[in-house]
Amino acid sequence: MARGRRRVTIGAAAIAMLAAACASGGGGGNVASHQVLTFDVAIAFTGPDAPFGPETMAGCLPAVRLINAAGGILGHQVRCSSTNTQGDPADAVPAIEKMLATTSGVVGVLGPSSDEASAIVPILNAASIPMVVITGQPSFDKSTYQYFWRTLPADDQLGYAMAAWGKLKGYTKVAAFFGNSVGAQSQVPGLVNGYKRFGLTISPNLAIAYDQSSYRSEIEQILSAHPQAIFQELDPQTGATFMSELKNLESKPIPIVGDSVTLEPSWIHAVGGGIGAATLANECVALQPYAPPAGPGWQAYDSALLASASQMKNAQQYTSDPYAMDPYDGTVIMALAMLQAHSVKTSVFNSHILDVTQARPGAVVVHTFAQGKAALAAGHQITYIGAMGPVDFNSYHNSTGGFGAVSCATNQTTPVGVISAAQVKAAQG
Amino acid sequence: MSQFLASIGFGLVTASILALAAVGFTLQFGVTNVLNLAYGGVMTAAGFVAYAVAQAGGGLALSLAAGAVFGGAASVVLNRVVLSPFIRRGIGVFGMIVVAISVSVMIDNGLLSFIGPSFFSLPFSQGRSFHLGSMIFTTMELVIIGLSVVAMLALHALLRYTRIGKAMRATAADAVLARGCGVATGRVIDLAWLISGVLCGLAGVTLVLNLATFDTTTGTSFLVPIIAAAVLGGVGQPYGAMLGALVVGLASQISTLVIQPEYNTAVAFVILIIVLLVRPTGILSEIAASRELTA
């Protein structure tokens with residue numbers, strides 16, 4: 001009998017706990033009053049893409065600092081938590097499910113990246129958790145996921161940006177040398193179509209397998225076409241082999257144009273080790289999402305970032321990092337949407353993300369959470385322009401900005417050239 | 001036409017590295033019938049030994065020698081300490097493959113935990129380029145080709161003209177009969193692992209010399225073309241492995257002229273399948289698949 005009653009008690013407790021778990025996370029973000037709200041950084045903290053984690057967290061922490069300093073959201077303080085996806089869908093799915101079941105007060109997610117987005121986005125969407133993603137996958141260009149938001153340009157946009165950069169630099173004939181991964185190949189159609197639209201030539205256009213012992217035959221094909229520049233996305237080892245063999249086979253330097261992968265420390269270390277860091281910096285530029293490190297939105301981010309230095313390693317490195325600035329803006333935007341909606345319930349405030357970002361006549365432009373909170377309290381409509389500049393979501397919750405070209409060297413953030421969103425659109429036609 | 005000839009030249013470099021690796025791989029298999037899938041891990045480790053020697057001020061020759069010595073010693077130890085005990089307990093061929101895969105994973109992860117997830121470069125210049133018609137070779141590539149040719153000739157002389165070579169061939173053909181005829185098969189097997197390991201070490205160092213950078217998985221990622229070359233030539237046949245390496249090396253480079261380079265590895269396997277359809281035991285093999293493991 002006692003055993004039976006005990007079972008009932010345990011069963012009731014389990015149901016209560018389950019209900020609480022559902023209410024706090026998986027059930028769509030119902031939050032008890034005065035409960036601390038959580039923005040979860042769901043991305044790789046270990047594995048090959050381990051730098052993504054601290055980089056994204058470097059956006060969340062200063063945002064949370066400023067939100068709390070301004071009195072929080074509707075009586076709630078906020079915090080950042082982390083979920084390590086390990087950059088692998090097989091590890092990411094149970095990690096996210098565990099986070100949803102056990103982390104209380106989750107009102108937004110920063111991430112995932114392309115490593116695990118295809119697996120994670122549907123789960124977060126089903127759980128009604130708004131997410132500001134880091135992925136560039138073109139498959140989300142026409143996303144119908146209600147809780148999906150992307151303020152960084154997609155990879156295919158990068159292809160168009162590469163075409164725009166080629167036109168800007170006067171490269172009438174270029175070669176394309178991309179790895180055969182999904183991420184790398186997703187840039188190629190944009191590059192090819194953009195070049196075609198401008199009436200320029202890409203020859204040859206080679207897709208290669210990674211980590212081969214040699215690419216000399218491919219390089220010989222490239223050199224015989226006499227390109228003015230080579231566009232590429234390669235992993236570190238492949239990039240090192242390619243660049244080293246290119247240097248051996250062609251004494252005259254050919255400009256190399258890459259993407260943000262080309263700026264990863266592991267890439268620079270590997271390729272710089274193979275051909276020399278100075279040579280790499282001279283011959284290579286990388287395109288990445290760009291917002292000028294200036295203006296009131298960026299200044300607020302930068303001050304809060306440096307004030308949060310004790311919570312991260314080398315905060316200075318993230319000062320102009322778009323992959324830290326983007327989650328910062330994402331956190332502030334979600335927080336302002338809660339104020340606009342007068343609710344911290346995710347299913348209620350999610351649609352208000354559009355309201356606080358769209359440029360509208362009569363809306364007050366705000367650059368910080370505190371400014372937005374004051375303007376909303378005064379009964380104004382607001383348009384948030386943060387560290388990354390204006391955000392203009394389309395009907396698929398995608399917003400595209402401009403790109404900057406920086407030299408392929410460690411911690412390079414000062415652009416040697418800029419491609420505006422209008423130039424990218426011109427390449428798209 | 002000039003691109004075709006250039007590709008042949010580039011293919012010769014790849015084939016030279018493959019030949020060192022595939023001949024070592026198949027020589028040991030021919031004698032012991034153990035499919036050593038930890039071979040790529042030992043190649044990587046030999047590359048790191050060469051790197052350590054170079055960092056300590058050693059020259060190219062010393063780095064190559066250190067890698068070769070390490071490869072030989074590591075292979076003998078691997079056989080004596082890990083693989084032989086399983087064979088003595090009567091493990092089957094499939095079980096031994098699982099053991100070898102386990103060892104390979106342990107080596108790769110051991111290197112990763114000891115060295116870290118970074119990239120390394122041997123500090124030796126590729127040297128000046130030489131044009132032989134349409135072919136272009138750097139000094140380092142000529143060294144790699146020369147080293148491979150010398151190693152192949154030395155192995156040929158060993159197998160053909162020395163008593164130990166004859167003993168190895170006898171053990172490869174029938175270990176029980178060879179033992180009955182007075183051949184010290186235990187020593188022959190140790191020697192096979194040693195020579196295989198030396199070639200493995202040389203292949204590892206030449207591979208990382210040819211690549212601008214390498215990491216803890218470099219050798220293992222090269223294992224597939226090694227096995228392809230060995231199987232193509234006829235498993236257990238050193239001369240077949242040389243031929244297989246040449247075919248795989250040339251095919252991987254020349255094929256890029258007519259198809260997207262991402263498929264160049266697949267081309268080697270298409271050739272492999274076609275050859276095996278026509279000649280199931282490989283180009284030169286007489287080895288029967290039913291042989292038992294030999295310790």
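Naming: A, B, ... by sequence-line order, numbering from 1 per chain.
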J.: In terms of heavy-atom proximity below 4.5 Å to chain A, should Ser129(B) be classed as side chain, backbone, both, or neither?
T.: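 Interface part for Ser129(B): side chain.
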J.: Please classify the contact between Leu122(B) and chain A as side chain, backbone, both or neither, with a heavy-atom cut-off of under 4.5 Å.
T.: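 When you check distances to chain A, no heavy atom of Leu122(B) falls under 4.5 Å.
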J.: Gln126(B) versus chain A, heavy atoms under 4.5 Å apart: side chain, backbone, both or neither?
T.: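 Answer is side chain: those atoms of Gln126(B) sit under 4.5 Å from chain A.
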J.: If we count only N and O atoms by modelled type, under 3.5 Å, do the side chains of Thr46(A) and Asn84(A) hold a donor and an acceptor together?
T.: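 There is such a pair (donor and acceptor under 3.5 Å, judged by atom type) between the side chains of Thr46(A) and Asn84(A).
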J.: Where does the angle between the aromatic ring planes of Phe214(B) and Phe120(B) fall among parallel (under 30°), tilted (30 to 60°) and perpendicular (over 60°)?
T.: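 Rings of Phe214(B) and Phe120(B): tilted, as their planes differ by 30° to 60°.
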J.: Which residue out of Asn264(B), Leu18(B), Ile17(B), Leu207(B) racks up the most heavy-atom pairs below 4.5 Å with chain A?
T.: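 Of the candidates given, the most pairs with chain A belong to Asn264(B).
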J.: Determine whether more than 12 heavy atoms belonging to other residues, nucleotides or ligands lie under 6.0 Å from atom OH of Tyr263(B).
T.: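 For Tyr263(B), atom OH is not crowded (no more than 12 foreign heavy atoms under 6.0 Å).
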J.: Report yes or no: do Gln288(A) and Ser260(A) form a side-chain donor-acceptor pair below 3.5 Å?
T.: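 Short answer, no.
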J.: State whether a side-chain donor-acceptor pair under 3.5 Å links Tyr323(A) with Thr56(A).
T.: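 Note: Tyr323(A) and Thr56(A) side chains miss the donor-acceptor criterion.
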J.: Highest number of heavy-atom pairs under 4.5 Å with chain B: which of Ser213(A), Pro204(A), Ala209(A), Ala240(A)?
T.: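 The candidate making the most pairs under 4.5 Å is Ser213(A).
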J.: Give, as side chain, backbone, both or neither, the part of Leu249(A) having an atom under 4.5 angstrom from any heavy atom of chain B.
T.: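 Interface part for Leu249(A): side chain.
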J.: For residues Ser196(B) and Gly24(B), report the shortest heavy-atom separation together with the two atoms involved.
T.: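 Looking at all heavy atoms of both residues, the closest pair is OG-O, 2.9 Å.
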J.: Check the side chains of Gln253(B) and Thr256(B) for a donor-acceptor pair under 3.5 angstrom, ignoring hydrogens and angles.
T.: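 Looking only at side-chain atoms, Gln253(B) and Thr256(B) do not form any donor-acceptor pair under 3.5 Å.
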J.: Determine the option with the most heavy-atom pairs under 4.5 angstrom with chain B, choosing from Gly179(A), Ser214(A), Ser266(A), Ser244(A).
T.: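 Heavy-atom pairs under 4.5 Å are most numerous for Ser214(A).
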J.: Among Met243(A), Lys247(A), Glu245(A), His269(A), which residue has the highest count of heavy-atom pairs closer than 4.5 Å to chain B?
T.: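 Most pairs with chain B among the choices: His269(A).
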J.: Measure Thr213(B) against the heavy atoms of chain A and call it side chain, backbone, both or neither at under 4.5 Å.
T.: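 Thr213(B) touches chain A through backbone and side-chain heavy atoms alike.
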